[in-house]
Structures are given as C-alpha cells and as structure tokens.
Amino acid sequence: QVQLVESGGGLVQPGGSLRLSCAAPGSIFSRYAMGWYRQAPGKQREWVGGISSGGSANYVDSVKGRFTISRDNAKNTVYLQMNSLKPEDTAVYYCTAGGNYVRDVLYWGQGTQVTVSS
C-alpha cells in the first residue's frame, strides 16, 4: 500500500501563510506528477494544483498567485506553500500522485486540516 504522508496543517489567521509537505516513496515520486486536492465542509473535493515530474506546475484559478507547489527530488517531497490565506481556503488538504498534473489521481494521502480563521 502506497503511503503519501502529509504534514504542516493547522490554524492560521486570514492573510497568513502555511506550508504543507508530503513525503512519497521514491518509486512513486519519480514516476508521477504530485499535487494537492482539498475538501471544504459540505463541498465536493476540489483539485488545487499539481507539478509534473519535470517541475512544471498548474493551479486552479482561485489559488493562482497565492499558492505555489514545488518538489524536492532529493527528499521525495512535494510542498504546497500557501500565502495570503482566506477563510474560504479552510479545508482538508490531500496530497496526491498521478497523471495530468494529478487531475488523474492514482494515490491519495490521508489528509491534513487547514483552518483559516481569526
């Protein structure tokens, strides 16, 4: 069973920043795109963005200019840097691996809670 292990969630005030990390097995990390989904209370799970194995990233419009996905190939880790956070960013964030900037998901992490509130 493939394990994607997320960390870094928590409570942050509006306008603040948070960085999520996700460690993956090397065999998965080197082969697939990595990225993130989120699910807010009462809403469907939403694709946030993904980064290809070559390092190019793509994002949903609502986070462009605020969120950045990066990957450290030496550590088999993908990051989600979230800046200028808004209350509507509150959700459980899931690390994923797959194809097409993780629009096609093969593997899921367990999720980490991000709460944006004053």
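This one's a predicted model, so the numbers in the text were calculated from it and none came from an experiment.
- By the side chain to side chain contact (heavy atoms under 4.5 Å, CB included) test, Q39 is found to be paired with R45, Y94, residues two or more places apart in sequence or in another chain being considered.
- The minimum heavy-atom distance linking L4 with A24 is given by the pair CD2-CB, 3.5 Å.
- Counting all heavy atoms, side chain and backbone alike, S30 lies closest to S53 at O-CB, 4.0 Å.
- Taking Q110 as the reference, E6 meet the side chain to side chain contact (heavy atoms under 4.5 Å, CB included) condition, with sequence neighbours excluded.
- Under the 4.5 Å side-chain criterion, counting only non-hydrogen atoms from C-beta, E46 is in contact with S62.
- Here the straight-line distance linking atom CD1 of I69 with atom CD of Q81 works out to 11.5 Å at 0.5 Å rounding.
- Under a hydrophobic clustering in which Ile, Leu, Val, Met, Phe, Trp and Tyr are joined whenever their side-chain heavy atoms come within less than 4.5 Å, directly or via other members, V92 and V60 fall into the same cluster.
- Both V78 and L18 sit in one connected hydrophobic cluster of ILVMFWY residues. Membership requires side-chain heavy atoms under 4.5 Å apart, directly or through other members.
- A donor-acceptor pair is defined here as one N or O able to donate and one able to accept, closer than 3.5 Å; no such pair exists between the side chain of N100 and the backbone of R103.
- Residues S52 and A33 share a closest heavy-atom pair of CA-CB, 4.0 Å.
- V105 pairs by the side chain to side chain contact (heavy atoms under 4.5 Å, CB included) definition with Y37, T96, W108, not counting sequence neighbours.
- Across every non-hydrogen atom of S117 and P14, the tightest pair is C-CD, 3.6 Å.
- Atom CH2 of W36 sits about 7.5 Å away from atom OG1 of T112, to the nearest 0.5 Å.
- With contacts defined as side-chain heavy-atom distances shorter than 4.5 Å, the pair N73/R71 qualifies.
- Here OG1 of T90 is found 7.0 Å from CD of Q113. Values are rounded to the nearest 0.5 Å.
- Considering every non-hydrogen atom in both N76 and P25, the closest pair reads ND2-C, 4.5 Å.
- Under the 4.5 Å side-chain heavy-atom criterion for ILVMFWY residues, no single connected hydrophobic cluster contains both Y59 and Y79.
- No hydrogens or angles considered: a donor-acceptor pair under 3.5 Å links the side chains of Y101 and S56.
- Scored by the side chain to side chain contact (heavy atoms under 4.5 Å, CB included) test, D89 finds R38, R66, F67, L85, K86, Y93, V116 as partners (sequence neighbours excluded).
- Residue pairs that meet the disulfide bond (SG atoms under 2.5 Å apart) test with at least one member in residues 22-118, sequence neighbours left out, are C22-C95.
- Closest non-hydrogen pair, G98 versus Y32, comes out as O-CB, 3.4 Å.
- Looking at heavy atoms from C-beta onward, S17 lies out of side-chain contact with V12 at the 4.5 angstrom threshold.
- Placement of L106 and V5 in two distinct hydrophobic clusters is found when ILVMFWY residues are connected by side-chain heavy-atom separations under 4.5 Å, directly or transitively.
- Among pairs with a residue in residues 53-82, none fulfils disulfide bond (SG atoms under 2.5 Å apart), at least two apart in sequence or across chains.
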